[in-house]
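Heads up, the thing below is written out as structure tokens.
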Amino acid sequence: MIQKLIKEYTKLLVEKNRSGLSKSLRWESPTFDLKEFKALKSSEEMIDYASNYLEFLGEGRARSVFVLNSKKVLKIAMNKNGIAQNSKEFIVYSGVGDTGIVTKIYDSDMMGRWIIAELARPLTSRKEFKESTGLDWDEFAELLS
């Protein structure tokens, strides 16, 4: 079980850290209305709406990510794989709770179309990795092999 969680956590870290922030973070977007966003029906509408008001952080094959504020990102599913990723991220967070091992989920769509998650920053040292996870880097690497 711990190996499965660690592998999922690693995948989430890689996904979140794949793109760096190109611009300085906004503290809040004064015009983005979450209630209005939640009423949108399609991922295309959601991405268009977010693009008009939020800083684009990055995109993979399945999700587009926007900076919601200095501590949160909005991940919008672009297809079935994105819905599965959002749902899995929510399930993993729900399983471990607010322990600091995985990013916090603040809000989500019941159908997995979007989630609002904690903005994560990359770990910069083995010491910081151990402080954040409680695992020694070498032990972690061995668990993955």
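E139 contributes no side-chain N or O that, together with a main-chain N or O of L135, makes up a donor-acceptor pair within less than 3.5 Å. Checking side-chain atoms of E45 against main-chain N and O of K41 turns up a donor-acceptor pair under 3.5 Å. Using a distance-only test at 3.5 Å, with no hydrogens or angles considered, no donor-acceptor pair links the side chain of D136 to the main chain of R126.
Side chains of D33 and Y49 form a contact here, defined as non-hydrogen atoms less than 4.5 Å apart. For the pair K38 and D107, the minimum side-chain heavy-atom distance is below 4.5 Å. Between I47 and M78 the shortest side-chain heavy-atom distance falls below 4.5 Å. Under the 4.5 Å side-chain criterion, counting only non-hydrogen atoms from C-beta, V73 is in contact with K75. Residues I115 and L74 form no side-chain contact, since every pair of their non-hydrogen atoms from C-beta on lies 4.5 Å or further apart. Side-chain atoms of I83 and D109, non-hydrogen and from C-beta on, never get closer than 4.5 Å to each other. I116 is listed as a side-chain neighbour of K72, based on a closest heavy-atom distance under 4.5 Å. Side-chain contact check for T103 versus E89: some heavy-atom pair is nearer than 4.5 Å.
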For this session: Show your reasoning for whether side-chain contact (heavy atoms from CB on, under 4.5 Å) applies to K71 and E118.
Result: CA-CA 6 Å; K71 296 183 183 205; E118 178 179 22; over 6 Å; no
Problem set entry | Trace of the side-chain contact (heavy atoms from CB on, under 4.5 Å) decision for W114 with S43 | CA-CA 9 Å; W114 57 267; S43 61; over 6 Å; no
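A cation-pi arrangement, defined by a distance under 6.0 Å to the six-membered ring centre and an angle within 45 degrees of its axis, is absent between K104 and Y93.
I91 and V96 fall into different hydrophobic clusters, where Ile, Leu, Val, Met, Phe, Trp and Tyr residues are linked whenever their side-chain heavy atoms come under 4.5 Å apart, directly or through other members.
Between F37 and F32, the ring planes are tilted. Angles from 30° to 60° get that label.
Atom CZ of F90 is surrounded by 12 or fewer heavy atoms from other residues, nucleotides or ligands within 6.0 Å.
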